[in-house]
Amino acid sequence: MHFTSERRLDDGVVEREFTLGEIPGTLWTPGSAASAPLILMAHNNGLSKGEPRLVARARHTAANGYAVATIDAAGCGDRPRSTADQQARADLRRAMQAGEPVDEIFESFIGPLVEKAAPEWRTTLDALLALPEIGGPVGYSGWTALGIRLAVTEPRIAAAGFFAGGYVPRAQREEARQVTVPLLFLLQWDDGGNPRQRALDLFDAFGTKEKTLHANMGGHVGTPWFELEDGGRFYDRHLK
């Protein structure tokens, strides 16, 4: 892991950009010298690690005593996309404009995106836990499809918060039955692009005995800020 920049923000949080081979990432750590538990934070469906809503959540979480890390995994953010990915995204835009079904198009690129992203997140986790300022345990926050895969395959993840606002491939809907860590699931009740019943069915499928559903009125980007505070209490219970 090679750190390429460092700055101390107004709230005392230290923000560092890093590279790990071809993987670019950002690490936020609290101002205190003590080692902190870690939260991996991923934006839905592989959007950029610099997306403003993710950065705001990360900074707030780090100010409350956590190390927070995000990356642009393969096919995510500004990383190169395959010809198949680019074609699928073009097909998706066309189908949405025409009002045609889009599930199979989502399946064609979100599924492979998860398959490519998960190993790079695990590689990043290995490197992060070797840093003296990070002491574990580990939580996950954000992109549901990736989070399901990591929660099932990565035993170091002790708790997870998922956002229901993104397509979850069939493979991950099946894997959801194997998720056993404590779970907080956020749903926007009026998210027109993500069928409500599908999200409720997914919540029902999660295998964990400790799962909580928070549903709020509003569209895709309308998650209330107080959910970040509630999420902080969730992670405090399981990671501190």
Check your understanding: Can you list every pair that meets salt bridge (Lys or Arg N to Asp or Glu O under 4.0 Å) and has a residue in residues 135-153, with sequence neighbours left out?
Key -> E115-R149, R149-E175
Practice item. Give a yes or no on whether the backbone of R8 and the side-chain of E15 come within a donor-acceptor separation of less than 3.5 Å. Key: no
Point to revise | N-O pairing of R7 and E17 below 4.0 Å | key: no
Exercise for review: Look only at the side chain of E154 and the backbone of I157, and say whether a donor-acceptor pair between them is shorter than 3.5 Å.
Suggested key: no
Review point. If you draw a 6.0 Å radius around CD in E51, do more than 12 non-hydrogen atoms from other residues or ligands fall strictly inside?
Key: yes
Practice item. Check for a donor-acceptor pair, side chain of Y140 on one end and backbone N or O of A158 on the other, with a separation under 3.5 Å. Key: no
Review point. What orientation do F162 and F185 show, parallel under 30°, tilted 30 to 60°, or perpendicular over 60°?
Key: perpendicular
Check your understanding: Between R156 and D126, is there a salt bridge with N-O shorter than 4.0 Å?
Key -> yes
Review point. Are R170 and D103 within salt-bridge range, i.e. N to O under 4.0 Å?
Key: no
Point to revise | Within-4.5 Å side-chain heavy-atom neighbours: L38 and L128 | key: yes
Exercise for review: Quick one: list whatever passes side chain to side chain donor-acceptor pair (under 3.5 Å) with T153, sequence neighbours left out.
Suggested key: R122
Review point. Of all residues at least two apart in sequence or in a different chain, which pass the salt bridge (charged side-chain N to carboxylate O under 4.0 Å, His left out) check with R16?
Key: E133
